[in-house]
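Beneath this line is the structure, given in structure tokens, with notes to follow.
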Number of protein chains: 4
Amino acid sequence: MSKAGVSGGVAAGQIKSIIERVERLEEEKTALAGDIREIYAEAKSNGYDVKVLRQIVRIRKQDAAERQEQEAILDLYLHALGMTSD
Amino acid sequence: MSKAGVSGGVAAGQIKSIIERVERLEEEKTALAGDIREIYAEAKSNGYDVKVLRQIVRIRKQDAAERQEQEAILDLYLHALGMTSD
Amino acid sequence: MSKAGVSGGVAAGQIKSIIERVERLEEEKTALAGDIREIYAEAKSNGYDVKVLRQIVRIRKQDAAERQEQEAILDLYLHALGMTSD
Amino acid sequence: MSKAGVSGGVAAGQIKSIIERVERLEEEKTALAGDIREIYAEAKSNGYDVKVLRQIVRIRKQDAAERQEQEAILDLYLHALGMTSD
DNA sequence: TCGCCTGATAGTTGCC
DNA sequence: GGCAACTATCAGGCGA
């Protein structure tokens, strides 16, 4: 069939399965977000500055991203210069 | 002490632990987001309209939230009438 | 009035003004996007690799953002240590 | 030459010019985005519902697009009937 | 030219 | 209750 579910109700089970798998994963995702919040709350109660901690995490993530970008552009340069193995 | 880590470098290990635990959880969160995207991609390749599927998930979440709220209101009434066991 | 436009049609002119100002600005924004596309197209016709150019712009923007973040966290540290002038 | 800048450093100035022109335009674009945000913020402080205002702008843009499409279709018909001047 | 994918934007949620 | 960070959605650019 060219379009799932159009030719009848036969796909209902499949849709249900998709929805439920997504919902399950989103549930886990929400739980993890809660765990993170909990860690920060605990840190705060131990006298740490949560804003600073969050900023540190953010910067480390940015660093990683920047490194990725740097590698990506290096690859681009190498390709442009025909210096790659592929 | 009024501010953790200010009175010396003793808290460095603790900070490191906090940061790493958060990063670990965020990594898992990102992985789950990837899984969800994968499911939608697979659904799309099976001919489903991803936008519609996302909307269904959203509506079901809203419904769940409303149900929660309804129950909360019901509890409120029951409490007000002294009809609860707690 | 507590809520603009609720007490009558008197705010119609104001709404119209808001909408039109926004639309005007978005138009300009779209035009700028077009200008940028044009520059890249021209560069491409001159033999430049657009992908590389875009990557360069992206990295430079990231660098700037990272610098901002670094400054922000420095400020946070200084505040945390009570070493600021305010 | 088949690839600009590959045969030497002569194109550095040109690249620099391209990058800077793009960055200048992106800066202006960002500034306009800021102006728009400002308008909405002002509207909000005057009691307007920003979400609704955004929706109005979106719908009007869609309408304009549809009108464009209608005109294009009309043109197509007129061309097919040889009723155009070009 | 069409589909994919990344980057920009809008909405939501949590914090102050 | 307002503001800021984060997430999800959407549109434009790129490659096949």
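Each chain gets a letter, A, B and so on, in the order its sequence line appears, and its residues count up from 1.
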Could you state the atom-to-atom distance from [atom1] of [X] to [atom2] of [N] in whole Å?
| X | N | atom1 | atom2 | value |
| --- | --- | --- | --- | --- |
| A:H79 | F:dC14 | NE2 | P | 17 Å |
| C:E38 | F:dG12 | CD | P | 17 Å |
| C:I36 | F:dG12 | CD1 | C1' | 12 Å |
| C:E26 | F:dC10 | CD | C1' | 14 Å |
| C:Y40 | F:dG15 | OH | P | 13 Å |
| A:L32 | F:dC6 | CG | C1' | 15 Å |
| D:I39 | E:dA10 | CD1 | P | 13 Å |
| B:R37 | F:dC10 | CZ | P | 16 Å |

Qualifying residues under salt bridge (Lys or Arg N to Asp or Glu O under 4.0 Å), relative to A:R24, sequence neighbours excluded:
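Once residues adjacent in sequence are excluded, the partners of A:R24 under the salt bridge (Lys or Arg N to Asp or Glu O under 4.0 Å) criterion are A:E28.
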Counting any heavy atom closer than 4.0 Å, what does C:V50 reach on the DNA or RNA strands: base, sugar-phosphate only, or nothing?
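The residue C:V50 makes sugar-phosphate contact but no base contact.
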Just checking A:K44: base, sugar-phosphate only, or nothing, at a heavy-atom cut-off of under 4.0 Å?
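Sugar-phosphate contact only.
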From [X] [atom1] over to [Y] [atom2], what is the distance, rounded to the nearest 0.5 angstrom?
| X | Y | atom1 | atom2 | value |
| --- | --- | --- | --- | --- |
| A:H79 | A:I73 | NE2 | CD1 | 13.5 Å |
| A:E38 | A:L32 | CD | CG | 11.5 Å |
| A:I36 | B:R21 | CD1 | CZ | 11.5 Å |

For E:dT12, take OP1 and OP2 only and decide whether either is under 4.0 Å from a side-chain N or O of D:K51.
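Result: yes.
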Can you see if the side chain of B:K29 gets near the phosphate of F:dC6 - specifically, an N or O under 4.0 Å from OP1 or OP2?
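No, no such contact exists.
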Enumerate the residues from residues 52-69 of chain D whose closest heavy atom to DNA chain E is under 4.0 Å, giving them by residue number; use none for an empty result.
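Close to the strand are D:R54, D:R58.
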Pairwise salt bridge (charged side-chain N to carboxylate O under 4.0 Å, His left out) hits with a residue in residues 61-81 of chain B, at least two apart
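Output for this query lists A:E26-B:K61.
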Are the side chain of D:N46 and the backbone N or O of D:Y48 linked by a donor-acceptor pair below 3.5 Å?
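No.
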Criterion salt bridge (charged side-chain N to carboxylate O under 4.0 Å, His left out) against C:R60, the qualifying member of D:E20, D:E23, D:E27
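Result: among D:E20, D:E23, D:E27, D:E23 is the only option passing the salt bridge (charged side-chain N to carboxylate O under 4.0 Å, His left out) with C:R60.
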